[in-house]
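Notes for the one structure printed next.
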Number of protein chains: 2
Amino acid sequence: MTAVLVIEDDADLRRALGINLRARDYKVAMAESGATGLAMAEASPPDLVILDLGLPDMDGTDIISALRAWSRVPILVLSARSGQGDKIDALDAGADDYLTKPFGMGELLARLRAGLRRRVDGIDQPVVQAGSFTVNLAARRIQDGDGQEVHLTPIEWQVLEVLVRNEGRLVSQRELLQEVWGPGYLTETHYLRVYMGHLRRKLEADPANPRHLLTEPGMGYRFIRD
Amino acid sequence: MTAVLVIEDDADLRRALGINLRARDYKVAMAESGATGLAMAEASPPDLVILDLGLPDMDGTDIISALRAWSRVPILVLSARSGQGDKIDALDAGADDYLTKPFGMGELLARLRAGLRRRVDGIDQPVVQAGSFTVNLAARRIQDGDGQEVHLTPIEWQVLEVLVRNEGRLVSQRELLQEVWGPGYLTETHYLRVYMGHLRRKLEADPANPRHLLTEPGMGYRFIRD
DNA sequence: GGGCGCCGTAGGGATTCCGTAAAGATCGGG
DNA sequence: CCCGATCTTTACGGAATCCCTACGGCGCCC
């Protein structure tokens, strides 16, 4: 059954959404605040998130970013603010759709169906275990094989995150440079050599013979769990 | 470069869209009617479609259905009609987003970025099973008959990719050389002999009697699954 | 039968690419 | 202002890959 997480502080709207979604046989989870919503998403990853931007405890785009740190789940934003700027900020933070209150329940359900239709079956899990080490994408923490915390610098983390989120897939050098350094550094491949070396020394049991952070000469790098 | 197809009959709006999209470095194609739009999409598949529902020659949902018959390209619908029913129909026909006129150009571009972002995350995993081996083009991964990972060099990948994309069809030597080595090497057919040999040795159960990577003497090569 | 064109295989040298270490450069905090 | 952490840049040995040549096999036509 399809699981939908609703993060909404208005009790009336929350109840209305719950009734309508359950009537269509969705499995619904509810959160009243951003913090609990994020915790619930990590505890039990949903197939789609309906998020109210006007929550009291957290900024809306921060919630989106926190989700996007580890998940590609479709995010449908509800908001009372109809300005263009708010929509652009939310969409660029990673939201998939933006619905301005007041909205019709029929339209909401149609946009929800559209979001679910193109659901991807990727690695939507907050923690990825890789033989010798463990990556917690949601908390941005890493543990060594001995349970020791490993400290990564910002760039090291960004490189690792791109690779882990594309587990098994070859990530080209251009793609990595684009994601981490931006479009002006697409040819600076020696950066990658340096930072892949750092990551291997910190994470691999035998940095000279990596088992998880692999090089594909002339093409790019690949992360595999085992 | 990202290719966007705009299907819009209003000349003013079409021009405005063209200017804004090209300014953001999108490659823009334009159609004034549904029929030509569908033809252009088939001739040169875009990365995203912007579709006006109020075209004179065809019903909007029919255009969406026709596209969805063969493509999962993101479709962003523009419409002057703001009723819930129209939106629901379009979204359930397969559209990804629905924008009511008049709309802000900033919001349109943000929704366009949201649609394109999903494409990069890659729904399509073209996995081709070929008797003795399995090719995953998106992940750049190959498994042998025994489930063993097979490593290919960049040029080996390029050659194989061209052949697999043209599964069943004869690919001429000129075409292969053009795609992989570029226009300056159209007569260096011995390169092909060398690299086809590499591929067969790595992928075929009996490299001397290939069953999937076939030679058509004097013409070119052909990939077949079985 | 022999020449010829086409294909497959092998291997060596040149070139490109990668890993590693380490020295400046830059930035932020105390 | 100094110091530590981080990022950038350079240099070099070694590995992977590519280009190119050589040689043998096969089928075809004269």
Side-chain angles (χ1 to χ4, degrees), chain A residues 140 142 149-163 170-177 179-223, chain B residues 140 142 149-163 170-174 176-223:
Chain A
R140 298 216 157 198
I142 297 190
E149 289 284 328
V150 179
H151 172 75
L152 296 187
T153 71
I155 288 196
E156 285 165 5
W157 176 263
Q158 286 188 71
V159 173
L160 183 67
E161 178 175 340
V162 174
L163 290 172
L170 175 81
V171 184
S172 72
Q173 310 176 43
R174 288 182 61 88
E175 199 175 335
L176 269 173
L177 290 164
E179 286 284 332
V180 178
W181 280 271
Y185 295 78
L186 295 182
T187 60
E188 312 288 336
T189 56
H190 54 282
Y191 289 5
L192 295 177
R193 288 199 284 282
V194 171
Y195 281 94
M196 289 304 296
H198 290 174
L199 286 172
R200 282 172 180 147
R201 194 155 33 148
K202 291 185 176 179
L203 301 177
E204 292 275 3
D206 179 6
N209 298 90
R211 296 187 51 215
H212 305 105
L213 300 168
L214 307 182
T215 300
E216 305 269 343
M219 300 196 291
Y221 295 88
R222 187 197 304 273
F223 167 78
Chain B
R140 277 257 143 92
I142 295 191
E149 296 282 330
V150 179
H151 175 77
L152 298 187
T153 71
I155 288 198
E156 286 164 6
W157 261 115
Q158 289 186 66
V159 174
L160 183 67
E161 181 167 352
V162 174
L163 290 172
L170 172 71
V171 183
S172 73
Q173 303 177 352
R174 287 182 62 88
L176 269 172
L177 290 163
Q178 160 78 33
E179 286 283 335
V180 178
W181 280 271
Y185 296 78
L186 296 182
T187 59
E188 312 287 337
T189 57
H190 56 284
Y191 290 4
L192 295 177
R193 287 197 281 283
V194 171
Y195 281 96
M196 290 304 296
H198 291 174
L199 286 173
R200 282 170 180 151
R201 190 147 38 113
K202 291 184 176 179
L203 301 177
E204 293 276 3
D206 180 6
N209 298 91
R211 296 186 51 212
H212 304 106
L213 299 168
L214 308 183
T215 301
E216 306 271 345
M219 312 270 293
Y221 294 87
R222 186 195 304 272
F223 167 79

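Within every chain, numbering begins at 1; the chains are lettered A, B, ... in the order of the sequence lines, protein sequences first and strands thereafter.
Here C:dG19 presents its P atom at 10 Å from CG of A:L192, a figure rounded to the nearest Å. Computed from coordinates, the A:Q158 CD to D:dC7 C1' distance equals 12 Å when rounded to whole Å. In this structure, CG of A:L214 is placed 13 Å from P of D:dA16, rounded to the nearest angstrom. If you measure from atom CE of B:M196 to atom P of C:dC6, you get 18 Å, rounded to the nearest angstrom. Distance OH (A:Y191) to P (C:dG19): 17 Å, rounded to an integer number of Å. Look at CD on B:E216: it is 16 Å from P on D:dG27, rounded to the nearest Å. Between the CZ atom of A:R200 and the P atom of C:dA21 there is a distance of 13 Å, rounded to whole Å. Summarising the geometry, the separation between CH2 on B:W157 and P on D:dC18 is reported as 14 Å, rounded to the nearest angstrom.
Taking every side-chain heavy atom of B:P217 into account, C:dC7 is the closest of C:dC7, D:dC19, D:dT21. When distances run from any side-chain atom of B:I155 to the nucleotides D:dC19, D:dT6, D:dC7, the shortest one goes to D:dC19.
OP1 or OP2 of D:dA16 has not a single side-chain nitrogen or oxygen of B:T153 nearer than 4.0 Å. Side-chain N/O atoms of B:T215 include one lying less than 4.0 angstrom from OP1 or OP2 on C:dG8. For B:Q173, no side-chain nitrogen or oxygen approaches OP1 or OP2 of C:dC6 to under 4.0 Å. Side-chain nitrogen and oxygen atoms of A:Y195 include at least one within less than 4.0 Å of the OP1 or OP2 phosphate oxygen of D:dC7. Between B:H190 and C:dG5 there is no side-chain N or O to OP1 or OP2 distance below 4.0 Å. Taking only side-chain nitrogens and oxygens, A:R193 never comes nearer than 4.0 Å to OP1 or OP2 of C:dG19. OP1 or OP2 of D:dC19 has at least one side-chain nitrogen or oxygen of B:W181 nearer than 4.0 Å.
Of the inter-residue distances, the one linking B:H198 atom NE2 with B:T153 atom OG1 reads 8.0 Å to the nearest 0.5 angstrom. Distance check: A:L192 CG to A:T215 OG1 gives 10.0 Å after rounding to the nearest 0.5 Å. Between atom CZ of residue A:F223 and atom CG of residue A:L199 there is a gap of 11.0 Å, rounded to the nearest 0.5 Å.
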Given protein heavy atoms under 4.0 Å, the one-letter contact record of nucleotides 22-30 of chain C, with B base, S sugar-phosphate only and - none, is simply ---------
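A search for salt bridge (Lys or Arg N to Asp or Glu O under 4.0 Å) contacts involving B:R200 returns nothing, not counting sequence neighbours. Every residue two or more places apart in sequence or in another chain that forms a side chain to side chain donor-acceptor pair (under 3.5 Å) with A:E216 is listed here: A:R222, B:H151.
Here the side chains of B:R193 and B:Q173 are not in contact, with every heavy-atom distance at 4.5 Å or above.
No side-chain donor-acceptor contact under 3.5 Å links B:E204 to the backbone of B:N209. Judged by distance alone, with hydrogens and angles left aside, the side-chain atoms of B:E188 form no donor-acceptor pair with the main-chain N or O of B:L177 at under 3.5 Å.
Residue-level contact check: B:Y221 touches the backbone only, with heavy atoms under 4.0 Å from sugar-phosphate atoms and none from bases.
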